[in-house]
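Here's the structure, in structure tokens; my notes come after.
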Amino acid sequence: MINVNGKLVSKAEVSIENNRGFLYGDAVFETVKVLDNKVLFLEDHYFRLMSSMRILRMEIPMDFTMEYFEQQIIALIQSMDQLTKSYRVRLTVYRQSGGTYLPNTRKIDYIISAKALEDPLYVFNQEPYEVELFKDFYVSKNLLSSLKTTNRLINVTGSIFASENGYQNCLLLNDEKSVIEALNANLFVVKDKVVKTPDLTQGCVKGVMRKQIIELLEKHPDYTIVEQPVSAFELQKADELFLTNAIIGIQPITQYRKKTYQNTLSKDLLNRLNAKIRLL
């Protein structure tokens, strides 16, 4: 089932030839994890979506409240088989059709889709996870780069590069050659009890899980978190690298070029994260 503008249907039947999300990338999306009919980190996802829509000058309907956002997601989940406790849900908001580059309306439509997940809680992945820099294209260092829009060409081409060369992921650079994030996740770099993650002015996505991990680290007795630019040179000097997003939780990186990494902090943080979501 799919939720289209509040109606549960088996097929969306959205006309792509007039769809601005398809034609111009005029769309934003949120990917959320639902556990036991609860949207994890609901407030963070909702306010990030609202902020993105305002930045892109989309008209936000009066009834598009946080409660409505949650109700539409849960309505879709409850229409499914309910044989699993956890789902990956994507909500895509796009401007209604009309106009060319200059739209003749700011009103929006939305589509919500869901897919069952095997594991209800976040699972620590200890399989080899090698990354490399993706240098074919660079991310612009501006506000639009921090939004989750449907323009993900760098991420797509980077994923193909990773697949062709046997890497599990790639790290992206901004136009000043600073490392900002992975293809589908935010990046954290650990060195001597200091954890560094690129600040949002560098062009990285404003990740919901990134925010959760920063909050956990701010309360951690043994580590200090800083938001600063990260250079490629720092990667090979780091003790640990890990990635975060709302679906995987935390993914430790095991190798970058000839450097291998430990996973002490990422394992500790994953336990703290799972403890936190049990209390939501």
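Just so we're clear, the structure is a prediction, and the values are computed from it rather than from any experiment. Just so it is clear, the values below take in all heavy atoms, side chains as well, and ignore hydrogens, waters and symmetry mates.
The shortest side-chain heavy-atom distance between Leu172 and Asn155 falls under the 4.5 Å cut-off. Looking at Leu153 and Phe137, their side chains never come closer than 4.5 Å, going by heavy atoms from C-beta outward. Residues Leu171 and Glu132 are not in side-chain contact: their nearest non-hydrogen atoms beyond the backbone lie 4.5 Å or more apart. Using a 4.5 Å cut-off on side-chain heavy atoms (C-beta onward), Leu173 and Lys135 make contact. Using a 4.5 Å cut-off on side-chain heavy atoms (C-beta onward), Val139 and Ile180 make contact. Inter-residue side-chain proximity for Ile225 and His220 is flagged as unmet; no heavy-atom pair is nearer than 4.5 Å. Considering only heavy atoms from C-beta on, Glu227 stays 4.5 Å or farther from Gln202 through its side chain.
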| said: Please determine whether side chain to side chain contact (heavy atoms under 4.5 Å, CB included) holds for the pair Leu265 and Leu217, giving the CA-CA distance in whole Å, both sets of side-chain angles, and the decisive distance to 0.1 Å. | reply: CA-CA 10 Å; Leu265 179 58; Leu217 285 166; 4.1 Å; yes
| query | Hey, mind stepping through Leu235 and Leu241 against side chain to side chain contact (heavy atoms under 4.5 Å, CB included) and telling me if it holds? | reply | CA-CA 8 Å; Leu235 301 179; Leu241 302 178; 4.1 Å; yes
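More than 12 non-hydrogen atoms from other residues, nucleotides or ligands lie less than 6.0 angstrom from CD of Gln236. Environment of NZ in Lys141: crowded, with over 12 heavy atoms of neighbouring residues, nucleotides or ligands closer than 6.0 Å. Other residues, nucleotides and ligands contribute only 12 or fewer heavy atoms inside 6.0 Å of the CD atom of Glu43. Remark: Lys107 NZ is loosely packed, at most 12 non-hydrogen atoms of other residues, nucleotides or ligands lying under 6.0 Å away. More than 12 heavy atoms of other residues, nucleotides or ligands sit less than 6.0 Å from atom NZ of Lys191. Heavy-atom contacts from other residues, nucleotides or ligands closer than 6.0 Å to NZ of Lys276 number more than 12. Crowding of Arg106 atom CZ: a count of heavy atoms from other residues, nucleotides or ligands under 6.0 Å not exceeding 12. The environment of NZ in Lys259 is crowded: more than 12 heavy-atom neighbours from other residues, nucleotides or ligands sit within 6.0 Å.
At least one donor-acceptor pair under 3.5 Å links the side chain of Asp239 to the backbone N or O of Asp192. Of the possible donor and acceptor atoms, one in the side chain of Gln255 sits under 3.5 Å from a partner among the backbone N and O of Arg257. Panel note: side chain Gln168, backbone Glu130; a donor-acceptor pair is recorded below 3.5 Å. With hydrogens and angles ignored, the 3.5 Å screen pairs no side-chain donor or acceptor of Asn18 with any backbone N or O of Ser97. Asn245 contributes a side-chain N or O that, together with a main-chain N or O of Asn184, makes up a donor-acceptor pair within less than 3.5 Å. Thr84 places a side-chain N or O within donor-acceptor distance of the main-chain N or O of Leu117, the cut-off being under 3.5 Å. Judged by distance alone, with hydrogens and angles left aside, the side-chain atoms of Asn186 form a donor-acceptor pair with the main-chain N or O of Val205 at under 3.5 Å. With Asn3 contributing its side chain and Gln72 its backbone, the two residues share a donor-acceptor pair below 3.5 Å.
Rounded to the nearest 0.5 angstrom, Met50 CE and Phe69 CZ are separated by 7.0 Å. The line from OG1 of Thr244 to CG of Leu187 is 8.5 Å long, rounded to the nearest 0.5 Å. Atom OH of Tyr94 and atom OH of Tyr24 lie 15.5 Å apart (nearest 0.5 Å). In this structure, CZ on Phe242 lies 10.0 Å from CZ on Phe124, to the nearest 0.5 angstrom. Distance check, rounded to the nearest 0.5 Å: CG of Leu243 to CE of Met209 gives 12.5 Å.
Both Ile213 and Leu40 are assigned to one and the same hydrophobic cluster, defined by single-linkage of ILVMFWY side chains at heavy-atom distances under 4.5 Å.
Geometrically, Lys211 does not engage Phe41 in a cation-pi contact defined by less than 6.0 Å to the ring centre and at most 45° from the axis. Under a cutoff of 6.0 Å and an axis angle of 45°, Lys33 and Tyr87 do not form a cation-pi pair. In this structure, Arg90 forms a cation-pi arrangement with Phe29, its terminal cationic atom sitting closer than 6.0 Å to the ring centre and no more than 45° off the ring axis.
Checked by atom type, the side-chain pair Thr224/Lys193 shows no donor-acceptor distance below 3.5 Å. There is no side-chain donor-acceptor pair under 3.5 Å between Glu240 and Thr264. A side-chain N or O of Gln212 and one of Asp44 form a donor-acceptor pair less than 3.5 Å apart. For the residue pair Tyr129/Asn169, the side-chain donor-acceptor check at 3.5 Å is satisfied.
Between Asp26 and Arg95 there is a salt bridge, since a side-chain N of the basic residue sits under 4.0 Å from a carboxylate O of the acidic one. Taking 4.0 Å as the cut-off between side-chain N and carboxylate O, Glu59 and Arg54 do not count as a salt-bridged pair. The existence of a salt bridge linking Lys196 and Glu234 is confirmed by a sub-4.0 Å separation between a basic side-chain nitrogen and an acidic carboxylate oxygen. Using a 4.0 Å cut-off between charged side-chain N and carboxylate O, Arg48 and Glu30 make a salt bridge.
The side chain to side chain contact (heavy atoms under 4.5 Å, CB included) test with Ile112 singles out one residue from Leu8, Val32, Val89, and that residue is Val89.
The aromatic rings of Phe64 and Tyr110 stand perpendicular to each other, their planes meeting at an angle above 60°, with 30° marking the opposite boundary.
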